[in-house]
Amino acid sequence: MDVQLLYFDDCPSWRETAAHLEALANEFPDLTLLKVVVDTPDLAERYRFRGSPTVLVDGVDPFADDDEPVGLSCRIYQTPAGPAGSPTLDQVRTVLQNG
């Protein structure tokens, strides 16, 4: 399974998502992780980047709603504990299991 972590450095939440993905790599031996810096409007459009961090599983953003805007911003995720800058470890695990 190909997983891309799309982010930009000025948004600190990508590091937590990266840590989740790296921790889950042991559970998903077929997971290949590629980190991609998205730092221009053109790249944001090309990747349909809905904010940092964005996780793509085999090219699909499993957390995206169709009406979310594309652009360079920090992303907010709905988690069991409320809005957060990163999905939880369990949320990432679930999308990888369903990916």
Side-chain angles (χ1 to χ4, degrees):
M1 148 183 19
D2 292 322
V3 177
Q4 291 179 311
L5 174 60
L6 310 177
Y7 69 97
F8 59 87
D9 284 324
D10 289 341
C11 189
S13 298
W14 76 267
R15 288 177 178 85
E16 182 177 357
T17 305
H20 293 334
L21 290 166
E22 290 162 2
L24 290 168
N26 292 328
E27 292 179 36
F28 299 89
D30 65 332
L31 185 150
T32 58
L33 176 60
L34 177 65
K35 296 175 187 168
V36 179
V37 176
V38 177
D39 57 2
T40 67
D42 288 340
L43 286 174
E45 283 296 326
R46 181 185 330 158
Y47 284 104
R48 304 295 305 152
F49 184 64
R50 291 184 165 95
S52 180
T54 288
V55 176
L56 300 180
V57 179
D58 293 328
V60 176
D61 183 344
F63 295 103
D65 290 327
D66 289 336
D67 61 347
E68 287 183 76
V70 171
L72 297 174
S73 64
C74 289
R75 189 166 177 174
I76 300 297
Y77 290 85
Q78 295 305 317
T79 72
S86 174
T88 66
L89 179 68
D90 285 336
Q91 286 176 307
V92 176
R93 179 182 287 117
T94 296
V95 299
L96 294 178
Q97 288 170 338
N98 295 330

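- Minimum heavy-atom separation, R75 to P53: CD-O, 3.5 Å.
- Remark: of the listed residues L33, T32, L96, L96 is the sole one forming a side chain to side chain contact (heavy atoms under 4.5 Å, CB included) with M1.
- With sequence neighbours excluded, no residue forms a ring-ring contact (aromatic ring centres under 6.0 Å, His included) with F8.
- V95 has its side chain within reach of F63: a pair of non-hydrogen atoms, C-beta onward, lies under 4.5 Å apart.
- A pairwise comparison of heavy atoms in D65 and R50 identifies O-NE, 3.6 Å as the closest pair.
- L43 and V3 are members of different hydrophobic clusters when ILVMFWY side chains are connected at heavy-atom separations under 4.5 Å.
- Taking hydrophobic clusters as Ile, Leu, Val, Met, Phe, Trp and Tyr residues chained together by side-chain heavy-atom distances below 4.5 Å, L21 shares a cluster with W14.
- If you chain together hydrophobic residues whose side chains sit under 4.5 Å apart, F28 and L5 fall into the same group.
- No side-chain donor from either of S13 and S86 sits under 3.5 Å from a side-chain acceptor of the other.
- Closest non-hydrogen pair, A44 versus L72, comes out as CB-CD2, 4.2 Å.
- Heavy-atom minimum distance, T54 versus Y77: CA-OH, 3.8 Å.
- Residue pairs that meet the salt bridge (Lys or Arg N to Asp or Glu O under 4.0 Å) test with at least one member in residues 5-21, sequence neighbours left out, do not exist here.
- For the pair T17 and P87, the tightest heavy-atom approach, listed with the atom from each and the gap, is OG1-CD, 3.7 Å.
- Criterion: ILVMFWY side-chain heavy atoms under 4.5 Å apart, direct or through other members. Under it, V55 and L34 are not part of a common hydrophobic cluster.
- In this structure the side chain of V37 reaches within 4.5 angstrom of the side chain of Y7, judged on heavy atoms.
- Here the side chain of D58 pairs a donor or acceptor atom with the backbone of D2 at under 3.5 angstrom.
- Closest of all the heavy-atom pairs between H20 and L89 is NE2-N, 3.6 Å.
- Q91 places no side-chain N or O within donor-acceptor distance of the main-chain N or O of P80, the cut-off being under 3.5 Å.
- The main-chain N or O of L24 is never found under 3.5 Å from a side-chain atom of E27 such that the two would form a donor-acceptor pair.
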